[in-house]
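To start, the structure under review is shown below, and the notes come after it.
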Number of protein chains: 2
Amino acid sequence: MPKSTALFTEQEIRLARYAKALSHPARVYIMEYLVKNANRCFYSGTISDELPIARSTLSQHLSALKDAGLIKGEINSPFIRYCIQQDNWDETKQLFTNLFV
Amino acid sequence: MPKSTALFTEQEIRLARYAKALSHPARVYIMEYLVKNANRCFYSGTISDELPIARSTLSQHLSALKDAGLIKGEINSPFIRYCIQQDNWDETKQLFTNLFV
DNA sequence: CCTTTGTTTCGTTATCTTACGAAATACAAT
DNA sequence: ATTGTATTTCGTAAGATAACGAAACAAAGG
């Protein structure tokens, strides 16, 4: 009985990628923070003071969100201003909304 | 400069857990399948034939969804009938909806 | 009781994740 | 030129994840 070689759809892959980006409380916290604040941007240090993790660990989580495309970082040395990546965030909402029917 | 020892909220932790459960295309596929089919139940073999992964790997993914509380399995030997766990699925929707504002 | 069937568990391997402190970077101000 | 500040990258370690095939299991049917 041959098993289907069909791969997953692009949408399933993208949804899984966004879900993975949100699969740690710190990253959920960050996206919450961005959504709640009208400007939808923040500096790493601002959030670091509120989280029970090392700064280097926070940096890793920021990279994960950036790699997934949910945020982008604009250098404004010595600060880095992180902002929501609205197009991908909108896509995330859309993909989840579709899943939820 | 003392760092806050505040932990994450229960909601952040729960949302992250549900997101993690959805962080693989196969698991997204399974939940899609459940949502699309009115009865919201299925047998492991049905879905196995459509996925490009080994049965044992599918079993692992089913365990992950079960551990996260998104599905439950009712033994109906030699079949196992997997069904959506509606209360937790509703909570998942609610938590994501809150995040999306 | 033996076999078949659908499914899980086991054993294994490779890779990814999370975490931390230390060191590096990059600019501003002294 | 040196110092200070904000942040990242590096190095490392522990643990989780995803994948497979082989073996185990549990009930039904012969």
Side-chain angles (χ1 to χ4, degrees), chain A residues 1-8 12-13 15-31 33 41-68 70-83, chain B residues 1-8 12-13 15-31 33 41-68 70-83:
Chain A
M1 203 67 69
K3 170 174 282 294
S4 164
T5 54
L7 296 174
F8 300 105
E12 281 156 0
I13 291 166
L15 181 44
R17 187 178 303 139
Y18 290 134
K20 188 170 190 173
L22 294 170
S23 70
H24 189 284
R27 298 196 294 263
V28 171
Y29 178 94
I30 292 166
M31 293 312 294
Y33 184 90
C41 295
F42 70 101
Y43 294 105
S44 163
T46 310
I47 253 181
S48 172
D49 294 338
E50 298 177 16
L51 291 183
I53 56 175
R55 273 159 203 276
S56 53
T57 304
L58 172 59
S59 197
Q60 265 184 193
H61 286 306
L62 291 172
S63 286
L65 288 171
K66 209 157 49 170
D67 290 348
L70 293 185
I71 63 172
K72 58 193 166 189
E74 294 160 7
I75 293 171
N76 186 8
S77 199
F79 298 88
I80 296 183
R81 179 178 169 82
Y82 285 102
C83 302
Chain B
M1 202 68 69
K3 170 174 282 292
S4 163
T5 54
L7 298 174
F8 300 105
E12 282 156 358
I13 292 167
L15 181 43
R17 186 177 303 140
Y18 291 133
K20 188 170 189 174
L22 293 171
S23 71
H24 189 286
R27 298 196 293 263
V28 171
Y29 179 93
I30 292 165
M31 293 312 293
Y33 183 91
C41 295
F42 71 101
Y43 293 104
S44 164
T46 310
I47 253 180
S48 173
D49 294 336
E50 299 177 15
L51 291 183
I53 57 176
R55 273 159 202 276
S56 52
T57 305
L58 171 59
S59 197
Q60 265 183 191
H61 287 306
L62 291 172
S63 285
L65 288 171
K66 208 157 51 169
D67 290 348
L70 293 185
I71 62 172
K72 57 193 166 188
E74 295 159 7
I75 293 171
N76 187 8
S77 200
F79 298 89
I80 296 183
R81 180 178 168 84
Y82 285 102
C83 302

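We name chains A, B, ... by the order of the sequence lines, and we start the count at 1 in each one.
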Could you state the NZ-P distance from B:K66 to C:dT8, rounded to the nearest angstrom?
7 Å
For the residue pair B:I53 and B:A26, what are the closest heavy atoms and their distance?
CD1-CB, 4.3 Å
So which heavy atom on B:H24 is nearest to which on A:A16, and how close?
C-CB, 3.6 Å
Rounded to whole Å, the CZ-P distance (B:F42 to C:dG6) equals 16 Å
Give the rounded distance in Å between these two atoms: CD1 of A:I47 and P of D:dT7.
11 Å
What is the distance, rounded to the nearest whole Å, between atom CD1 of B:I80 and atom C1' of C:dT5?
13 Å
At under 4.0 Å, does any side-chain N or O of B:S44 touch on OP1 or OP2 of C:dT8?
yes
Which heavy atom of A:A21 sits nearest a heavy atom of A:L70, and at what distance?
CB-CD1, 3.8 Å
Going 5' to 3' along nucleotides 17-22 of chain C, which nucleotides have protein heavy atoms under 4.0 Å from the base (write B), which only from the sugar-phosphate (write S), and which from neither (write -)?
SBBBBB
Contact check, side chains of A:V28 and B:F8, non-hydrogen atoms, under 4.5 Å
no
Decide whether A:E50 and A:Y33 meet the rule of one side-chain donor and one side-chain acceptor closer than 3.5 Å.
no
In whole angstroms, how far is the C1' atom of C:dT7 from the OH atom of B:Y82?
8 Å
Output the rounded distance in Å from CG (B:L58) to P (D:dA18).
13 Å
Residues A:H61, A:L51; criterion side chain to side chain contact (heavy atoms under 4.5 Å, CB included); working and verdict
CA-CA 12 Å; A:H61 286 306; A:L51 291 183; over 6 Å; no
For a quick check, with a 4.0 angstrom heavy-atom cut-off, what is the B/S/- contact string for nucleotides 25-30 of chain C, read 5' to 3'?
--S---
Round to a whole Å and report the spacing from CG of B:L62 to P of D:dA19.
13 Å
Distance, rounded to the nearest Å, where B:E74 contributes CD and C:dT8 contributes C1'
17 Å
Closest non-hydrogen atoms of A:K20 and A:R27, given as atom of the first, atom of the second and distance, are O-NH2, 3.3 Å
Listed by chain and number, what are the side-chain contact (heavy atoms from CB on, under 4.5 Å) partners of B:L62, not counting sequence neighbours?
B:I30, B:F42, B:S44, B:L58, B:I71, B:Y82
